[in-house]
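Read through the structure below, which is laid out as structure tokens, and then see the notes.
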Amino acid sequence: MPEGGTAMRVVIVGAGQAGASLAAKLRALGHDGEIVMLGEEPAPPYQRPPLSKAYLLGEMEADRLWLRAPEFWAENRIDLRLGQPVTAIDPAARRVTVGGAVLGYDQLALTTGSTPRRLPAAIGGALAGVYTVRTLADVDAMRDEFQPGRRVIVVGGGYIGLEAAAVASKLGLDVTVLEMAPRILQRVAAPETSAHVRALHQAHGVRVLEETGLDRLEGEGRVSSAVLKDGRVLPADFVIVGVGITPNTALAEAAGLALDNGIATDEMGRTSDPAIWAAGDCASFPWKGGRIRLESVGNAIDQGEAVAANILGAGAAYEAKPWFWSDQYDLKLQIAGLNTGYDRIVTRRGEGESVSFWYYRGADLLAVDAMNDSRAYMVGKRLIEMGRSPAPEAIEGAADLKALLKA
């Protein structure tokens, strides 16, 4: 069957943001053949970012998490099968094994997402009361733990851990964040951003312990304390682990697909098998002479839609436009671009408490972190996408940032 043929069956493995965007885009572009989306979780496709923010706070009900109204899938003839994990792919026969059955495909898209890293069982990672924050089930399992006065230890000072710490603090818990690296957010942000976020948490009563390694968790069946590398023992009613995620590549690896920091794709989103594609957290792709894998909602949507178009024969390279955000207390942190390789930070003060940090490598603008400064974020994002790099002095001194877009 030629690409784009109306009888072509597209099977999508994974019903998260990337899979849902891919399926919807296929229909929007006029694909009239079968679309089958296989989800491992029992819940319909939903937003993940609110899980560690509004949903955990109790400010958002589950039905507001859904990416589409329940009737959307049937109305668009998208065969959404929930609670249906795929256990094998047979590329030669073009079929997947799901449950006790096999399902054939003409084109297959892997949007399998990622899995949070867990602490080893040998150091207490399997004790009751130890949680990760990734799925709706994860958050539902821990919600009852968030009671005023209880003691929670957050292992990992990345965005997920810090968002969970902010929720716990707002709900009146006693919160300690453990970060093994010299500073929180070290892997993803400049010292200036780390300092701003650290001060915010400390102002809300959170203990932020940097350069502090966890030796083990202890408890009789359920966690009751954390033993640090320096010998200190911290009591804990429960623990949240936020130490990164791992792309879900086991299916692809077993099927013989090429891997490289995820499922390796070309610029179109096609894997090493011409009938198999990948998008979202699980996929790495060519970017600026190298290869990257992005863990973000924006990438999941954009890459999923790009792959849908290419399945139908568009032949257009995916042009990533990285952006991210994090909500903590009254801070809205918006990030545009990727700061890899920066050698200079330019600080711009906005109105009130707003501030933005601009990442440069030589004369090139790479990224911006905007703290409660949506204008700085929007202008920075536009500049980066246009390939324009104002002089650092212009960023610091411009009365109106928007003028830089016209310069």
Arg375 vs Asp400, test: salt bridge (Lys or Arg N to Asp or Glu O under 4.0 Å). Steps then yes/no. CA-CA 10 Å; Arg375 174 165 294 194; Asp400 180 7; 3.3 Å; yes

Flag if over 12 foreign heavy atoms under 6.0 Å of [atom1], [X]:
| X | atom1 | result |
| --- | --- | --- |
| Met268 | CE | yes |
| Gln147 | CD | yes |
| Glu385 | CD | yes |
| Arg222 | CZ | yes |
| Arg151 | CZ | yes |
| Glu351 | CD | no |
| Glu192 | CD | yes |
| Glu71 | CD | yes |

Could you check whether [Y] and [X], counting side-chain N and O atoms only, form a donor-acceptor pair closer than 3.5 Å?
| X | Y | answer |
| --- | --- | --- |
| Gln334 | Ser374 | no |
| Thr176 | Arg207 | yes |
| Ser114 | Arg134 | yes |
| Arg344 | Tyr342 | no |

Short side-chain to backbone donor-acceptor contact, [X] and [Y], under 3.5 Å:
| X | Y | result |
| --- | --- | --- |
| Ser21 | Gly304 | no |
| Arg183 | Arg198 | no |
| Arg68 | Trp73 | no |
| Asp138 | Thr135 | yes |
| Thr249 | Ala252 | no |
| Asn76 | Ile78 | no |
| Thr111 | Ala18 | no |
| Ser52 | Gly161 | no |
| Asn339 | Leu366 | no |
| Asn261 | Ile292 | no |

For the residue pair [X] and [Y], establish whether any side-chain heavy-atom pair is separated by less than 4.5 Å.
| X | Y | result |
| --- | --- | --- |
| Asp369 | Tyr359 | yes |
| Asp273 | Ile89 | no |
| Tyr105 | Ile276 | yes |
| Val355 | Glu353 | no |
| Thr265 | Arg270 | no |
| Ile184 | Glu210 | yes |
| Phe238 | Phe146 | yes |
| Leu200 | Asp330 | yes |

Give the intermediate values and the outcome of side chain to side chain contact (heavy atoms under 4.5 Å, CB included) for residues His201 and Tyr329. CA-CA 9 Å; His201 279 271; Tyr329 309 105; 3.1 Å; yes

Would [X] and [Y] pass as an ion pair if we require N to O under 4.0 Å?
| X | Y | value |
| --- | --- | --- |
| Arg9 | Asp106 | no |
| Arg77 | Asp32 | yes |
| Glu319 | Lys321 | no |
| Arg361 | Asp343 | no |
| Asp230 | Arg232 | yes |

Restricting to side chain to side chain contact (heavy atoms under 4.5 Å, CB included), what partner residues turn up for Pro182, sequence neighbours left out? Gln186, Glu211

Apply side chain to side chain contact (heavy atoms under 4.5 Å, CB included) to Arg95 and list each qualifying residue two or more places apart in sequence or on a separate chain. Asp90, Ala93, Val102

How long is the gap from [atom1] on [X] to [atom2] on [Y], to the nearest 0.5 Å?
| X | Y | atom1 | atom2 | result |
| --- | --- | --- | --- | --- |
| Leu259 | Ser284 | CG | OG | 8.5 Å |
| Ile311 | Lys25 | CD1 | NZ | 13.0 Å |
| Asn248 | Cys282 | CG | SG | 7.5 Å |
| Met8 | Leu26 | CE | CG | 7.0 Å |
| Thr347 | Trp358 | OG1 | CH2 | 11.5 Å |
| Thr132 | Ile240 | OG1 | CD1 | 10.0 Å |

Residue pair Tyr159, Leu333: steps toward the side chain to side chain contact (heavy atoms under 4.5 Å, CB included) verdict: CA-CA 10 Å; Tyr159 287 120; Leu333 168 58; 3.5 Å; yes

Would you verify whether the NZ or CZ of Arg143 falls within 45 degrees of the ring axis of Tyr55 while also being under 6.0 Å from that six-membered ring's centre? yes

Is there a side chain to side chain contact (heavy atoms under 4.5 Å, CB included) between Val155 and Val130? Walk through the geometry before answering. CA-CA 10 Å; Val155 181; Val130 179; over 6 Å; no

Classify the ring geometry between Phe357 and His196 as parallel (under 30°), tilted (30 to 60°) or perpendicular (over 60°). perpendicular

As a quick check of understanding, evaluate side chain to side chain contact (heavy atoms under 4.5 Å, CB included) for Arg388 and Leu404, giving each step before the final call. CA-CA 9 Å; Arg388 295 174 58 178; Leu404 298 175; over 6 Å; no

Result for side chain to side chain contact (heavy atoms under 4.5 Å, CB included) between Leu127 and one of Val239, Leu119, Val223 points to Val223

I need the minimum non-hydrogen distance between Trp325 and Glu163, along with the two atoms involved. O-OE2, 4.3 Å

